[in-house]
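What you see is a predicted model; the values in this text were computed from it and never measured. We're numbering straight along the sequence, starting at 1.
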Amino acid sequence: MADSSEGSADYARSDGAQATVPREVRLPLPPLRFRPRLLPTLAALVLIPLFVAFGQWQWNKASAKEGLQTLFDARGAEPAVQLPSAPADPQMLRYRQVLVRGSYEPEYQILIDNRVHHELAGYHVLTPLRLEGSEMRVLVNRGWVPALADHSRWPQVATPVGVLEVAGMAIVPGTRYLTLAPEAPAGASTSWQVVWQNLDLARYAREVPFPLQLVVIQLSPDSSAGGFAREWPRPDERIERHLGYAFQWWGFAIATMIIWLVVNFRRCSPSPR
């Protein structure tokens with residue numbers, strides 16, 4: 001009986017005791033180490049300076065437009081000046097209100113193609129004006145006219161005759177533009193080329209048989225000197241787009257730097273000694 005009770009006691013003790021469960025051993029993660037790899041580093045060295053340069057280029061374009069707008073506002077508020085009959089410095093005339101008397105010469109008129117007004121394609125009409133009592137001419141941008149449905153033909157525009165008083169703003173045309181096809185060289189044809197892709201004032205001056213002021217008068221919207229649609233853009237037009245592009249390119253540079261850092265931080269087991 002004693003043996004039986006002792007066995008029962010042993011049984012009870014073993015049944016009531018909690019079983020010991022071994023815990024899972026968790027090894028510490030290897031430390032993060034910065035170990036640049038060749039290809040990501042080379043890509044970052046190329047892309048980051050490139051993105052920064054593109055952003056600076058757009059920022060400089062916005063700054064240049066802002067400077068031109070400041071000059072535009074300052075000179076536009078000054079009284080109108082008479083356009084001289086002798087060759088003048090274009091930069092001294094830029095954005096000045098000018099007043100001139102003369103007569104149009106439509107035989108040397110040109111139409112600048114691919115000009116859009118209210119989402120319609122058309123041309124800017126540029127007609128030389130002979131200054132009264134002088135051999136000097138100046139091109140007058142008389143505004144926009146719509147293109148014909150048949151683009152192989154161009155619209156016939158009316159031009160006032162006789163001496164007129166022309167008021168407007170002197171503009172120095174740009175020299176950088178996209179040319180979709182080579183322009184006809186000077187002297188290549190006996191007929192006058194009416195439609196031009198861009199206003200190349202230096203080329204125009206070479207092809208006409210008279211002296212020319214190297215500015216263009218944008219005819220004032222309230223002038224009655226034979227104008228068409230005239231909604232002249234401001235120098236700072238679309239400046240927000242340049243600023244947006246600048247921040248976008250700089251954002252690409254920052255993102256590239258972050259990606260380069262992330263891909264080059266790796267967990268590495270310590271080297272055995």
Side-chain angles (χ1 to χ4, degrees), residues 23-74 90-91 94-95 112-124 144 147 151 171-185 195-203 216 231-273:
R23 294 182 178 180
E24 182 182 353
V25 177
R26 295 182 178 273
L27 298 176
L29 292 174
L32 282 172
R33 297 180 185 275
F34 182 67
R35 294 196 173 177
R37 287 181 285 183
L38 179 61
L39 288 181
T41 300
L42 290 177
L45 288 175
V46 171
L47 292 177
I48 292 175
L50 191 64
F51 292 155
V52 170
F54 282 162
Q56 192 63 43
W57 172 55
Q58 290 291 340
W59 184 268
N60 290 339
K61 290 182 71 173
S63 297
K65 283 192 172 185
E66 187 175 16
L68 289 176
Q69 184 63 45
T70 301
L71 181 65
F72 178 93
D73 294 336
Q91 298 305 323
R94 183 193 289 267
Y95 298 142
I112 307 300
D113 202 357
N114 300 313
R115 295 301 180 262
V116 178
H117 177 69
H118 293 177
E119 300 183 357
L120 295 176
Y123 306 88
H124 277 180
W144 177 90
H151 205 68
I171 302 297
V172 179
T175 57
R176 296 181 181 180
Y177 36 74
L178 176 64
T179 301
L180 301 178
E183 301 278 12
V195 177
W196 292 37
Q197 292 183 48
N198 301 284
L199 175 56
D200 185 342
L201 200 56
R203 176 191 165 212
V216 173
E231 293 181 7
W232 306 121
R234 292 164 50 92
D236 64 352
E237 186 179 49
R238 298 189 295 184
I239 190 173
E240 297 84 3
R241 179 177 299 182
H242 295 301
L243 294 174
Y245 286 156
F247 289 118
Q248 185 181 61
W249 285 118
W250 290 335
F252 289 159
I254 294 172
T256 303
M257 174 65 74
I258 294 173
I259 293 171
W260 177 73
L261 291 172
V262 169
V263 300
N264 286 297
F265 271 105
R266 293 178 286 171
R267 295 191 183 275
C268 304
S269 300
S271 302
R273 296 182 179 179

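Nearest approach of E237 to K65, heavy atoms of both residues: O-NZ, 2.8 Å. Considering all non-hydrogen atoms of both residues, A44 and P49 come closest at O-CD, 3.7 Å. When all heavy atoms of Q69 and P235 are compared, the pair lying nearest together is OE1-CD, 2.9 Å. Q58 approaches H242 most closely through the heavy-atom pair OE1-ND1, 2.9 Å. Closest of all the heavy-atom pairs between G55 and A246 is O-CB, 3.3 Å. Between T41 and P36, the closest heavy-atom pair is OG1-CB, 3.7 Å.
Around the OH atom of Y245, the shell of radius 6.0 Å holds no more than 12 heavy atoms that belong to other residues, nucleotides or ligands. Counting heavy atoms of neighbouring residues, nucleotides and ligands inside a 6.0 Å radius, atom CD of E66 does not exceed 12 of them. By the neighbour-count criterion of 12 heavy atoms within 6.0 Å, atom CH2 of W57 is sparsely surrounded, having that number or fewer from other residues, nucleotides or ligands.
To the nearest 0.5 Å, the span separating CD1 on I254 from CD1 on I259 amounts to 12.0 Å. W260 contributes atom CH2, which lies 7.5 Å from atom CG of L45 (distance to the nearest 0.5 angstrom). The NE2 atom of H117 sits 8.5 Å away from atom NE2 of H124, with the distance rounded to the nearest 0.5 Å. Note: L68 CG to D73 CG = 11.0 Å, rounded to the nearest 0.5 Å. Note that NZ of K61 and CG of L243 are 12.0 Å apart. Values are rounded to the nearest 0.5 Å.
Between Y123 and H151, the ring planes lie parallel to each other; the angle is under 30°, not in the 30° to 60° tilted range. Classification of the W59-F247 ring pair by plane angle, with boundaries at 30° and 60°, yields perpendicular.
In this structure, the side-chain contact (heavy atoms from CB on, under 4.5 Å) partners of P173, at least two apart in sequence or on a different chain, are L199, L201, V216. Looking at residues two or more places apart in sequence or on another chain, you find a ring pair (Phe, Tyr, Trp, His ring centres under 6.0 Å) between F252 and F51, W249.
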Would you check, one step at a time, whether the test side chain to side chain contact (heavy atoms under 4.5 Å, CB included) holds for R203 with W196? CA-CA 11 Å; R203 176 191 165 212; W196 292 37; 3.3 Å; yes
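When ring centroids are compared, H118 and W144 stay outside the 6.0 Å threshold.
In this structure the side chain of F72 never reaches within 4.5 angstrom of the side chain of R94, judged on heavy atoms.
N264 places a side-chain N or O within 3.5 Å of a backbone atom of R37 that can act as its donor or acceptor partner.
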